[in-house]
Amino acid sequence: MVSEQGRVYYITTPIYYPNAEPHLGHAYTTVFADVMARYHRMIGDETFYLTGTDEHGLKLQQAAERAGEHPKDFVDRMAEIYKRYWRMLDISYDRFIRTTDDDHVRVVEHAISEMHRKGLIYKGRYSGWYCVSCEKFYNASEYLMIDGRPYCPIHRKPLEWVEEETYYFKLSEFSDFLEKVLRDYDIVYPRHFAHEVLNKLRESDLLDVSVARPKERVWWGVEVPFDRDFTVYVWFDALLNYLTGAGFLTDGERFRRYWPSAHHVIGKDILWFHTAIWFAMLKALDLPLPRKVLVHSFIINKGLKMGKSAGNVVRIEDLISRYQDSDGVRYILTRIFNLGKDVEVSTSLLDSIYNSELADNLGNLVRRVAVLIRKKSSGEVTSESLEPRLAAKAEETIRKYNELMSSYEVSRAAQAVMDLLREANAYINEVRPWEASDPERALYNLAEVIKVAASLLAPITPKTSQRLSSALGFSISNPSKVNFEGGSLYKVSEAPILFRKVRG
Ligand code: MSP
């Protein structure tokens, strides 16, 4: 299914806690969303890609305290660090949203007031076990008991007992609604994650959730407009960023156009917030649900989810220098991307993807073809017709690639391009253009395959595709419409060595 002209595609990542620098786990989500955004832009959709930072709450308040800074100075500094990382990885976001942005604060104030006016927010007392790293309460069926004490199942740190006044959101009123949408609507993808939430809903009664903290405990947050002694709970604040990013309250027309096409990319750790709580909040505001919630699994290192608390993070900059450039890292992250399964990232796995696919399969082909065109065909090739076997393979690849990209299967889409390049490598070895007296047609066929591959890879490896287009003299085409016919002229200005192999 290929998008028609004029369609809108709004894609978001979670907004990250900027208490520390981003690591490969954050890059995993951000690169995937970027590949989808770039793909949709290329096929002509009006695309808006939103990412940013989740800057309020106790976790950030404490991180700033530890750093000896005012939280606003701290998050200002950290947001710049995030932006720097995303520049390093060529992330093409359209807006970097911060929950301290004025338009967002207004959305939060509006949303909580609106729900209060509708009788969906009420004052009460709360007690429970809290994890500051997750910014979340855990109940007895969720936390771990270690030496008689409750521990966070994600961070494996002792939970903190909290007993305080609060405001509740009447989540319990939305139980039938949630049951219905999770059962009957095709929003959560892959589907088994919807069943996971449904099971949780059915296991026990849905309880109301606390959506405010007393200011004396958490002062760093959006003030509750109808009771200035409280700040809005950080998750309630953060989820609303998706509305702010689409222009809610600031640009009604844009909001109505963008919102129904919202695609939220999230890790499976924040599934409950993005389905149960978020869907109920939207319903409470009489707003439509997002089009899709795309849930992916974790990258793990040494058996544990990669994260700061597990102390097993892989640094983005280390991989950028190991794999030549941002494109090496973007390609590897795309290839290991998995919606269903956790992926262990070992150096040997990453090296082997890089060496065999980028350095050998793509890199060698390009180098050989470009060198041969310069040596044997005075730097130019053209031909009226194409070798049918390669033409058929290219057409099939384009079709398969578009299908896979529309079903979020970015890894398989990249592999389809690699298959085409393998076929081209087999072809060059068979026809041996370096020995032929008139190799122009064979080289032309190979240049065409490189053009197709460069166009299909452009959302994944944008710099490399750009470099290929200037080295061989073609333009990158819309991947749903790549033209694979005779009659083009390729003028080779450079025979690039795209990716140098790494050794263990
Ligand atoms: N601030 C909240 C999200 C609010 S969204 C309204 C939050 N932030 S976070 O900094 O902890 O980032 C969470 C997201 O980062 C995960 O959902 C996931 O997308 C990504 N990842 C962080 N570590 C990861 C792995 N080890 N593996 C894969 N993704 C990971 O939660």
Side-chain angles (χ1 to χ4, degrees), residues 8-41 45 47-56 75 78-101 104 134-135 187-189 193 234-235 237-247 258-259 261-275 277-278 290-299 305-308 313 316 326 329-330 333-334 336-339 405 408 410 459-460 462:
V8 172
Y9 189 76
Y10 176 40
I11 186 159
T12 68
T13 70
I15 46 171
Y16 304 106
Y17 293 125
N19 60 313
E21 296 181 354
H23 56 68
L24 200 65
H26 306 114
Y28 190 63
T29 312
T30 312
V31 167
F32 168 71
D34 191 57
V35 170
M36 294 308 298
R38 285 177 183 268
Y39 173 72
H40 281 273
R41 271 186 215 116
D45 288 348
T47 302
F48 195 84
Y49 176 17
L50 182 76
T51 189
T53 37
D54 186 357
E55 304 188 344
H56 289 130
V75 294
M78 292 304 294
E80 286 310 310
I81 293 179
Y82 267 74
K83 289 184 189 166
R84 203 173 73 220
Y85 273 94
W86 299 154
R87 267 197 304 277
M88 279 187 325
L89 281 171
D90 247 331
I91 303 301
S92 63
Y93 58 76
D94 295 290
R95 175 170 174 185
F96 187 97
I97 193 167
R98 304 177 52 190
T99 50
T100 49
D101 289 343
H104 177 70
C134 295
E135 292 276 24
I187 299 178
V188 181
Y189 187 86
F193 286 115
V234 61
W235 267 100
D237 167 348
L239 287 161
L240 290 162
N241 93 86
Y242 302 131
L243 297 183
T244 313
Y258 280 28
W259 181 248
S261 75
H263 289 67
H264 299 318
V265 178
I266 61 163
K268 63 183 178 183
D269 48 341
I270 53 178
L271 175 64
W272 177 255
F273 287 108
H274 280 83
T275 48
I277 296 181
W278 182 224
R291 165 93 41 91
K292 281 273 176 273
V293 175
L294 301 171
V295 192
H296 65 71
S297 298
F298 296 145
I299 50 178
K305 178 191 172 199
M306 183 179 292
K308 191 168 165 258
V313 299
I316 295 168
S326 52
V329 180
R330 291 175 60 98
L333 288 176
T334 302
I336 62 172
F337 190 78
N338 202 310
L339 291 163
M405 290 299 269
Y408 324 109
V410 289
I460 307 171

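The structure displayed is predicted, hence computed values, not measured ones.
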Can you name the salt bridge (charged side-chain N to carboxylate O under 4.0 Å, His left out) partners of [X], sequence neighbours left out?
X: Lys292; answer: none
X: Lys83; answer: Glu80
X: Asp34; answer: Arg38, Arg330
X: Arg84; answer: none

Ring-plane angle category for Trp86 and Tyr82, please: parallel below 30°, perpendicular beyond 60°, tilted otherwise.
perpendicular
Side-chain donor/acceptor of His104 to backbone N/O of Asp237, under 3.5 Å
yes
Exam field: side chain Ser297 to backbone Leu339, donor-acceptor pair closer than 3.5 Å
yes
Restricting to non-hydrogen atoms, name the atom on [X] and the atom on [Y] that form the minimum distance, rounded to 0.1 Å.
X: Pro18; Y: Val75; result: CG-CG1, 4.3 Å
X: Met78; Y: Ala20; result: CE-C, 3.4 Å
X: Ile316; Y: Leu24; result: CG1-N, 4.0 Å
X: Leu89; Y: Ala27; result: CD1-CB, 3.8 Å
X: Glu21; Y: Tyr85; result: OE1-OH, 2.9 Å
X: Tyr242; Y: Trp259; result: O-CZ3, 3.7 Å

Run the side-chain contact (heavy atoms from CB on, under 4.5 Å) check on Thr30 and Tyr93 step by step: do they pass?
CA-CA 9 Å; Thr30 312; Tyr93 58 76; over 6 Å; no
Pair Asp269-Lys305, side-chain contact (heavy atoms from CB on, under 4.5 Å): steps then yes or no:
CA-CA 10 Å; Asp269 48 341; Lys305 178 191 172 199; 3.2 Å; yes
Restricting to ring pair (Phe, Tyr, Trp, His ring centres under 6.0 Å), what partner residues turn up for Tyr17, sequence neighbours left out?
none
Can you list everything that forms a ring pair (Phe, Tyr, Trp, His ring centres under 6.0 Å) with His56? Sequence neighbours excluded, please.
Trp220
[atom1]-[atom2] distance between [X] and [Y], expressed to the nearest 0.5 angstrom:
X: Arg98; Y: Asp54; atom1: CZ; atom2: CG; answer: 12.0 Å
X: Asn19; Y: Thr53; atom1: CG; atom2: OG1; answer: 11.5 Å
X: Ile187; Y: His274; atom1: CD1; atom2: NE2; answer: 13.5 Å
X: Ile15; Y: Asn241; atom1: CD1; atom2: CG; answer: 4.0 Å

Using side-chain heavy atoms (C-beta onward) and a distance below 4.5 Å, is [X] in contact with [Y]?
X: Tyr10; Y: Pro290; answer: no
X: Tyr28; Y: Met306; answer: no
X: Leu240; Y: Trp278; answer: yes
X: Asp101; Y: Thr244; answer: no

What pairs with [X] under side-chain hydrogen bond (donor to acceptor under 3.5 Å, both in side chains), at least two apart in sequence or on another chain?
X: Thr275; result: none
X: Ser326; result: Lys463
X: Thr99; result: none

Set out, in order, the CA-CA distance, both residues' side-chain angles and the distance that settles side-chain contact (heavy atoms from CB on, under 4.5 Å) for Ile266 and Phe273, then state yes or no.
CA-CA 10 Å; Ile266 61 163; Phe273 287 108; over 6 Å; no
Report the residues that fulfil side chain to side chain contact (heavy atoms under 4.5 Å, CB included) with [X], sequence neighbours left out, ordered by chain and then residue number.
X: Thr29; value: Thr13, Pro14, Tyr16, Val265, His296
X: Thr47; value: Tyr9, Ala37, His40, Arg41, Asp45
X: Arg291; value: Ser261, His263

Output, in order, the C-alpha distance, side-chain angles, deciding distance and verdict of side-chain contact (heavy atoms from CB on, under 4.5 Å) for Arg95 and Phe48.
CA-CA 8 Å; Arg95 175 170 174 185; Phe48 195 84; 3.8 Å; yes
So, applying ring pair (Phe, Tyr, Trp, His ring centres under 6.0 Å) with Tyr408, which one of Phe32, Phe337, Tyr39, Tyr189 is it?
Tyr189
